Amino acid sequence: MENIEFDVIVKKMAQQIKHYLITLVGKTDTEATDEEFYRALSWVLREEVMVNWTATYHTHLQKNAKRLYYFSLEWLPGRLFVNNVTNVSSLDMVKRLLKYMNREYQKVINAEHEPGLGNGGLGRLAACYLDSLATKNYPAMGYGLRYQYGIFEQELWFGVQVERPDCWLLTEFPWELRKDAYATMVKYGGRVVTRLNEHNEEIHVLVDYEDVRAIPYDIPVVGYGEKQDFSALTLRLWTTKESPRNFQIARFNAGDLSDANKNVSITDVLYPNDKNSLGLFMRIKQEYLLVTSSLQDIFRQYFIMHKTLDEFPNLIRIQINDTHPALVIAELMRIFTEEHHLQWAKAWEIVKTCCSYTNHTVLKESLEEWDRSIISEILPRQMKIIEKINFEFCNQVRAKFPNNEDKVRKMSIIENQKVRMANLAIVGSHKVNGVAELHSQILKRDLFPEFEEMRPGLFTNVTNGVTQRRWLLSCNPKLAKMITDLIGKEWITDFPKIAKLAEFASDRDVQDHFHMIKLENKKRLVNALVKYKQDRYGANIDMKKEFFMEADAMFDVLVKRIHEYKRQLMKAMHVIMLYNDIKRDPNSVLIKRKVIISGKAAPGYEMAKNIIRLFYVLAKKINTDPVVGEKLKVAFIENYNVSKAEIIIPAADLSNQISAAGQEASGTGNMKFSMNGALTIGTDDGANIEMRKAVTDKWWPFAFGSSSDELKKLSQTRAYHPEDILHKDSQIREAMDLLKSGELAENEVEQEVLMSIYNSLITGYDRDRYFVLKDLRPYYDAQKKVEELYANPRKWAEYAIHNIAAMGEFSSDESVRHYAENIWGLKPVPIDSEELARVRKDFRESDRCFIA
Ligand code: NBG
C-alpha cells in the first residue's frame, strides 16, 4: 500500500478509536487505560471484519452450501487481536497506528485475556481447524460453550500447584457479539409420556420438565487474506449465565438461593480434566446444552432456505470432537422422529450420514461412561432413544455374529448400567477417525476391532495439523520474515511450499541468521517471564534474567499438560542424572543447558502435582549450586496457555516429545516446535512417527525409546520389572538413590512427595506403568547426541532448517482438506464478490456521523 494511503487510514482509525472511547467507555484517548484502549481498537477492527463476516454468512446461505458444524466442548482460540490483525495483513498498519497514538504495542496486546475454554490438545486443535477452514473458504461453523471460568490459572506456591479462577470476562471481551435472536430453550428432567407418531412408532413426549434458556455469543474466525475478500466464520458459544430467565424466584422465596441459581450456572465452569470427565450431573447438562442448542440452531438455519428435510443429509455435516458431544446422535434422532415425524429407520440413515466422530485418546480411563440412572433422570427422552438405538444395534450384531454374546457385550452402548459414549458415537457415525496413523491403527486394532469387523472401512485416519499462521507467522515474526525473504510468502497459505527452504539449509549466512533469530526469541521469552514476576513465591525455581540469558545455552523444553504417560518424570530423572554427572566432573557435559518445563495438572491428579513439585525441588537444588548451576538450570513456568506457548516455542532449541509409545494420540506441540526450528528428541509415538518420516532419519537424529508394540507386549505379559534396571544401570540407580535419599528435599513434606514418586516407579503391582525407567537410558544416550550436535552450531542450524522444511504436511490446512475430501465431502465456497460489495456499500452508507 502507498504510504500516503497508509497515513490516511491510520488517521481514520485513530478517529474511530477516539469515537469509541468517548461513546462506549466515556473517556478521552489520553485518559484511557491500556485495556480500554485495547478494547476500543478491537471494536474498530471488528467493524472491518463485520462486513466480511456478514457477507460470508450470506454467501453460504444463498449458495445453499453444504456446511460443516464442528461440535466441541472445548475451544482454545488464544488471543484474537494479533491473530486477526495478522490474518487481514494489517500488522504494520496497526503498529504504525499505535505509534501515532503514543501507545506501546506490547502493553496493548497484553491487555487481552485469552479465552481458555479448553484443557489442552483437543481444544487447541479445534481452534486451528477453524482458522484453516476460514482461510480455505470452507462453509463451516464451530459450536461450544461460553464458560464463565475457563481453565484455571495455575500458580506455584513453593512448588505446590494452586488453582485460581480464570476471570477472562472480568472486563468486556470485545470480540464477541451477543445474539439474543438465536436463543434456545433446553429441557431437562421431567417425565416421558409415550405416544405414537404418524408412522405408528413410539415417540416420547416430555412433561413436567425444567426449561433453561441458552444464549449464543458469536466470535468471528478470520481467514487469512491479503486482499479484502477473506472469509470470516463463526464460533458460536452458548451460555446460561446471561439470561435473567433462568433464575427461579420460587426457589429463592422458599429460602434456597443456590437452588434458585442452579440453571443460571450450568455454563459457569469448564471441567479441568484433560483425560476424563467424571460422571457429574453438571457435566451431562453441559454436554446436552451444547448438543441441543446447536442442533436447534442448525435446523433454524436450514429451514431459512428449505421447506422439507429432503436436503438435510446432503447439506449438513456434524463433527463430534471426542465423545463429549456424542449425545448429538440421540438428540438428532429425537428431533427427527418427535418434531418432524420422520420414520425411525429413515431418521437413523440421516443421522449416520451427517455425523462423524474423532477420537483423541486411547486411555481407557478417559472413555466417557455415564450412569444410566443419571441420564434417565436428566434426559429421560434421550435415554429412551439410546435404549432403542442400542436394542436395534445389538440385534444387528447378533445377526452378523450369531451366538457370540461376548461381541454383543463388547459393542453394546449400554453395559453394566453404564452408557458408553464412545460406542454411541461410533454406532451413530459414518466415519470414525484417529488423529495420527499409529493412533488410528490402535483404535482399529486394539480398542474397537469389533466395530471395524462389523463395518469394514468405518475407521480412518486424519493426522492432526496446526495453523502455520498463528504458530509461525504470528508468533515468530522474525523467522517468518527470514523464510519469506528466502522462498517467498506462498507458505502462509500453502504450507507444503515450505519445502523450498531445504535448499538453504547448508548456507552459512542463513544458518547464522537462524541462530541470531533464535537468540532474540530467547531474549523475548526471558524478558516476558521476568515481567510476569515469576519469583513471587518460588525461591529459586523462578526465572531470573541473569540465570537464563546466556547466548550459548541450549533451551531444552517440555511443555504440555502434566500426565504420567507424557513422562515429564523421565525428564526429571534425566535432570537428576545430569546433576550427578556434573557433580562428579563438571567437564563431563559439553554444553550449558536450560531445562524449561510448563504445564497444568488436573486439580485432582495427585501424581501429576507431585511431578511439578519435583521440578521445583530440583530447581531449588540445581540453580543455587555453584558448580552444577554453571552448566544446568531448571525452570518451571507457571500457567501454561496459548499465549505462553507463543513465546516459549519460538525460543526452544530442543523439543521433548517423550511419551510412552502408543499413548500419545498425536501431539500437536511437536509440530509447532519443529516449525519454529527446534529439533525433536522423541519416541516413536503419535505424529512423531510421521514427522520423522517426513524429515527423514538423516535429519531426525534423536529418536529413542521402546516401540509401541514392545510396550504393549510387556504390559500384556507383565514381563516388565523396573527393579532389574536399577541392578544393571549404576547411573540410573544413583539417580534413584538421590531421589529417595532426602538430600534433595528441604522438609518432610517434600521428602514424602519424592518418596511417593520413587515408589510409583519401584513398588506395587502397577509400578512404572509408563516405562520411565525402561526408556531412561536410551533417553539419556540420545541427549548425549544432542550435546554433541549442539556444540556445533552451524550443523545444528542445518538440521533445524531441514526440520522446518519438512513440516509441509503438518499444517491444519492439509488436515482440514483431508476431512473435507474424505469425511465431509465439502467444497470451498469463497465469499461472493457481489454480496461483499453490497454489504460494504450498506455499511459505508450507514457509517456517517449525524452531527458534523
Ligand atoms: C489430545 C491428545 C493429543 C492430541 C490432541 C488433539 C485430548 C483428550 N487428547 O495427543 O492427547 O494431539 O488430543 O488431537 O485432549
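Please read these numbers as outputs of a predicted model, since none were measured by experiment. Hydrogens, waters and symmetry mates play no part in the numbers below; they use all other heavy atoms, side chains included. When a ligand or atom number is given, it counts from 1 through the structure's own listing order.
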Self-check item: Gap between atom OH of Tyr143 and atom CH2 of Trp75 - 0.5 Å precision
Solution: 11.0 Å

Quiz item: Looking at Thr361, Asn433, Asn359, which hits side chain to side chain donor-acceptor pair (under 3.5 Å) with His439?
Solution: Asn359

Quiz item: Sequence neighbours excluded, which residues qualify as ring pair (Phe, Tyr, Trp, His ring centres under 6.0 Å) partners of Phe459?
Solution: none

Self-check item: Qualifying ring pair (Phe, Tyr, Trp, His ring centres under 6.0 Å) pairs, either residue in residues 121-140, two or more places apart
Solution: Tyr129-Tyr819

Practice problem: Check the pair Asn822 / Lys431 against side chain to side chain contact (heavy atoms under 4.5 Å, CB included), numbers first and verdict last. | Solution: CA-CA 9 Å; Asn822 304 329; Lys431 285 280 176 194; over 6 Å; no

Practice problem: Taking only heavy atoms of the protein into account, state which residues are under 4.0 angstrom from an atom of ligand 1, in chain and number order. | Solution: Gly121, Leu122, Leu125, Asp274, Lys275, His360, Val435, Asn464, Tyr565, Glu664, Ala665, Ser666, Gly667, Thr668

Quiz item: Got a sec, which residues hit salt bridge (Lys or Arg N to Asp or Glu O under 4.0 Å) with Lys609, two or more places apart in sequence or on another chain?
Solution: Glu163

